[in-house]
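What follows is a single structure, written as structure tokens, with notes after it.
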Amino acid sequence: MNLAELDPTNVTTPPVIKQDYRDAMARLAAAVNVITTDGPAGRAGFTATAVCSVTDDPPTLLVCLNRAASAHAAVTANEQLCVNTLASGQRDLSNLFGGKTPMAERFAAASWTTWLTGSPVLEGAAVSFDCRVSHSTTVGTHDILFCEVLALKHQNDADGLVYFDRAYHGLQGSH
């Protein structure tokens, strides 16, 4: 499709207004993840929907982290993390890890294990990826972390949790 085929009443022309961008991004469905870390800089975690696959050789994820987030210092200093993709019944954890709740209270609300990196792995997550941060870059307000996956586990019978139109929605798998 070229620009001439677009309906001009539905197109925002530059410069894009920040709120227009946010409203448009609310229409982009995304998996809900709790990103956790532990190490010399401490234990921390945050909720993120800005997570995606980069490559499978080596297995690498991209995680976007706001530099103003309370977990930022620990995640970037520890250089390791676990991406825990939430199952549909875990939406309360998303709110805890996405708000101003103290870190100790966030972690007290669920059961955790550790694998290779020592980052907390959420029991019952739809999938968990234990990673080391191999590279990072900064764009605007966020650091973009490239995370090499060292170990993973997925639940075959877990339903997914997505965030769309500023609300949570459960997704049933084909199990």
Establish whether Val75 and Val54 are linked, either directly or via other cluster members, by ILVMFWY side-chain heavy-atom contacts under 4.5 Å.
no
Is it true that atom NE2 of His154 has more than 12 heavy atoms of other residues, nucleotides or ligands lying nearer than 6.0 Å?
no
Which of Cys147, Ser136, Cys131 passes side-chain contact (heavy atoms from CB on, under 4.5 Å) with Val63? It is Cys147
Rounded to the nearest 0.5 Å, how far apart are OG1 of Thr49 and CG of Leu86?
11.5 Å
Got a sec: does the CZ of Arg166 have more than 12 other heavy atoms crowding it under 6.0 Å?
yes
Which residue pairs pass the side-chain hydrogen bond (donor to acceptor under 3.5 Å, both in side chains) test when at least one of the two sits in residues 79-88, sequence neighbours left out?
Asn33-Thr85, Thr36-Asn84, Asn84-Ser128
I'd like to know if the side chain of Gln90 and the backbone of Ala87 have a donor-acceptor N/O pair within less than 3.5 Å.
yes
So which atom in Arg91 and which in Tyr168 form the shortest heavy-atom distance, rounded to 0.1 Å?
NH1-CB, 3.7 Å
Taking C-beta and beyond as the side chain, do Glu123 and Thr113 meet within less than 4.5 Å on heavy atoms?
yes
Considering all heavy atoms of both residues, which atom of Gln155 and which atom of Ala125 are nearest to each other, and what is their separation?
CG-O, 2.9 Å
Can you hop from Leu152 to Leu145 via hydrophobic side chains spaced under 4.5 Å?
yes
Assigning hydrophobic clusters by single linkage (Ile, Leu, Val, Met, Phe, Trp, Tyr; side-chain heavy-atom cutoff under 4.5 Å), is Val32 placed with Leu122?
yes
Ile35 side chain near Leu65 side chain, heavy-atom distance below 4.5 Å
no
Is a donor on one side and an acceptor on the other found under 3.5 Å between the side chain of Arg67 and the backbone of Gly140?
yes
side-chain contact (heavy atoms from CB on, under 4.5 Å) with Thr37: of Cys82, Ser119, Pro120, only one passes, and it is Ser119
With side chains defined as the heavy atoms from C-beta onward, is the minimum distance between Leu96 and Glu105 less than 4.5 Å?
no
Can you tell me how far the OH atom of Tyr163 sits from the CG atom of Leu28, to the nearest 0.5 Å?
13.0 Å
Of all heavy-atom pairs between Thr55 and Asp57, which one has the smallest distance, and what is that distance?
OG1-N, 3.2 Å
Using modelled atom types only, decide if a donor and an acceptor are shared between the side chain of Ser134 and the backbone of Phe146 within a distance under 3.5 Å.
yes
Donor-acceptor contacts under 3.5 Å from residues 38-47 side chains, at least two apart:
residue	atom	partner	partner atom	Å
Thr47	OG1	Ser94	O	2.7
Thr47	OG1	Gly98	N	3.2

Sidechain-backbone polar pair: Asn78 side chain, Ala74 backbone, donor-acceptor under 3.5 Å:
yes
Are side-chain heavy atoms of Arg106 and Ser70 found at a separation under 4.5 Å?
yes
With a cut-off of 6.0 Å (strictly less than), are more than 12 heavy atoms of other residues, nucleotides or ligands near OH of Tyr21?
no
Where the side chain of Trp112 meets the backbone of Ala110, is there a donor-acceptor pair that is under 3.5 Å apart?
yes
Counting neighbours of CG on Asp165 that are heavy atoms of other residues, nucleotides or ligands and sit closer than 6.0 Å, is the number greater than 12?
yes
Nearest heavy-atom approach of Ser53 to Leu61 is CA-CD2, 4.0 Å
So do the side chains of Trp115 and Phe129 get within less than 4.5 Å of each other, counting heavy atoms only?
no
Quiz question: by atom type and distance under 3.5 Å, do the side chains of Asp130 and Thr117 form a donor-acceptor pair?
yes
Minimum heavy-atom distance Glu148-Pro58, with the two atoms named
OE2-CB, 3.9 Å
Can you tell if the side chain of Asp159 reaches within under 4.5 Å of the side chain of Leu171, non-hydrogen atoms only?
no
Going through the checks in order, is the side chain to side chain contact (heavy atoms under 4.5 Å, CB included) test met by Leu150 and Arg132?
CA-CA 7 Å; Leu150 305 178; Arg132 76 173 174 82; 4.2 Å; yes
Considering all heavy atoms of both residues, which atom of Ala29 and which atom of Phe164 are nearest to each other, and what is their separation?
N-CD1, 3.7 Å
